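As structure tokens, the structure follows; a few thoughts come after it.
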Amino acid sequence: MPKVLAIETSCDETSVSVVSNYQDVYKINSNIVASQIKDHSKWGGVVPELAARKHLELIPNVLEKALESASVDINGIDLIASTVAPGLVGCLRVGSITARALCMLHSKPYLGVHHLEGHLASVLFLKDYPRPPLLVLLVSGGHTELIKLGENNIIERLGRSFDDAAGEAFDKVGRLLGLKYPGGPEIERIAQNGDPLRFDLPKCRISDGKGRFRKYDFSFSGLKTAVLRLTQKINETDDILPIEDIAASFERVVAEVLVERSIDCCVDHNLHNIVVVGGVAANNTLRKMMIREASKKSIKVDLAPLSLCTDNAAMIGAAALSRLNNGNYKSSLKLGVSARLPIDLASSLYDKNPPF
Ligand code: KG4
Ligand code: ZN
């Protein structure tokens, strides 16, 4: 039963987890997440330098707690993993250096993990988790992607956002409406008292340059601008901004766009299973709409467990164990970190000569 110690520090959560697996069952022995939301909320978003310093401050304690609550010491750990890309470089470095230093000190194998592969792996904790081939809708603060996970876990990106990610749009619209950071959970909270059909907002598309649209790609910056114009227009004539109705209408349109394009992509590629992961996958309107609409096309939907939608180290541990199980992968201790790396190049993290 291999046990992995996993570290996630790609953005504003300092997280360490111990995950083990036996045959097909993945188990969380501990998953400590220290959120920095309070430190960044007064700035309206994540401040990279502040986040990196906070990770440094928090990691010794989070690491100790993760081992303690898994009732294991470092000798009982078989391998150590950390997120290495994509993310904020200064932040990634804290997790990567901690993990590699521990590997050197205790002679353990090291695995550098792609953050988005971590999000994909969050469904491995579901009972009867879905097997490829399947389509993944990955919706987070930094990414909105449609990914085909083929036989032998071959990863192919079929769609993406050309501007803002869905979570980024939630955060920016939240700020426009005077809500706290991060905007996603706040919009969801106030939207419960709003009318989702009150405002007609655009479902923006990306042109293919030949008079048609790219079917599986996304654009959310136009939607954000439409909300800005709407609030300006209402402010000219009215004293009170109906923020609940705006939030509900915005949330509905984002969910409709994500659901419609995911289902089209799934049908066109003859896939029968959609998996939804990432921070925005916590959104209840999206979760319900995806299940309802997919069932009309006989598509099965698997949603990341609510507690594992936003960033956490357990999903990084599951991705590392899955790599290990699928071919005994190991990364070079010389592997560094990178702000960007497309998910279909994640296998390069296990090359003898690392990509960065
Ligand atoms: O996956 P994640 O923790 O970090 C990234 O890898 O980016 O996602 C964070 C994003 C934020 O933009 C946040 O506003 C959004 O996920 N989010 C939500 C909800 N919970 C978090 N968006 C909509 N509804 C939610 N309930
Ligand atoms: Zn993430």
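Keep in mind that this is a model prediction, so the values were computed, not measured. We count ligands from 1, going down the list as the structure has it; atoms in each ligand are counted the same way.
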To the nearest 10°, what's the angle at the Zn ion (ligand 2) between atoms NE2 (His115) and OD1 (Asp311)?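 The NE2/OD1 angle about the Zn ion (ligand 2) sits at 100°.
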
Flag His143 as yes if one of its N/O/S atoms falls below 2.8 Å of the Zn ion (ligand 2), otherwise no.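 False for His143.
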
Within Cys11, is some N, O or S atom less than 2.8 Å away from the Zn ion (ligand 2)?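 Here the distance criterion (N, O or S atom, under 2.8 Å) is not met by Cys11, so no.
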
With heavy atoms of [X] as the reference, note each atom of ligand 1 found under 4.0 Å away.
| X | result |
| --- | --- |
| Gly141 | 5 (C), 7 (O), 8 (O), 9 (C), 10 (C), 12 (O) |
| Gly167 | 12 (O) |
| Gly142 | 7 (O) |
| His119 | 1 (O), 6 (O) |
| Pro182 | 14 (O) |

Working to the nearest 0.5 Å, report the span between OG1 of Thr83 and CE of Met315.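 So the gap between those two atoms works out to 6.5 Å.
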
Quick one: which of Arg287, Glu251, Met315, Glu188 has a heavy atom closest to atom 25 (C) of ligand 1?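 Looking at heavy atoms only, the winner is Glu188.
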
Measure from atom 3 (O) of ligand 1 to every heavy atom in Asp311, Val33, Asn312 and give the option owning the shortest one.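 The option holding the nearest heavy atom is Asp311.
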
Pi-cation contact, Phe162 with Arg160 (under 6.0 Å, within 45°):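 Yes - Arg160 lies over the ring of Phe162, closer than 6.0 Å to its centre and within 45° of its axis.
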
Does Arg252 make a cation-pi contact with Phe250, if we ask for NZ or CZ under 6.0 Å from the ring centre and within 45° of the axis?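 Not flagged: Arg252 not positioned over aromatic ring of Phe250.
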
Can a salt bridge be assigned to the pair [X] and [Y] using a cut-off of 4.0 Å between side-chain N and carboxylate O?
| X | Y | answer |
| --- | --- | --- |
| Lys233 | Glu236 | no |
| Glu57 | Lys54 | yes |
| Arg53 | Asp39 | no |

Check: Gly278 N/O within less than 3.5 Å of ligand 1 N/O: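 No, since none of the N or O atoms of Gly278 sits under 3.5 Å from an N or O of ligand 1.
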
Less than 3.5 Å between some nitrogen or oxygen of Thr310 and one of ligand 1, yes or no?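 Not met; the criterion fails.
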
Mode of His143 contact toward ligand 1 - side chain, backbone, both, neither (heavy atoms, under 4.0 Å):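 For His143, no heavy atom sits under 4.0 Å from ligand 1.
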
Side chain, backbone, both or neither: His115 near ligand 1, heavy atoms under 4.0 Å: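 Side chain only.
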
Going by the angle between their ring planes, with limits at 30° and 60°, are His115 and His119 parallel, tilted or perpendicular?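 The arrangement is perpendicular - the two ring planes meet at more than 60°.
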
Are more than 12 heavy atoms from other residues, nucleotides or ligands located less than 6.0 Å from atom NZ of Lys108?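 More than 12 heavy atoms, drawn from other residues, nucleotides or ligands, come within 6.0 Å of this atom.
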
Taking atom 11 (C) of ligand 1 as the reference point, the nearest protein heavy atom with its distance: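 Protein heavy atom with the smallest distance to atom 11 (C) of ligand 1: Asp171 OD2, 3.6 Å.
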
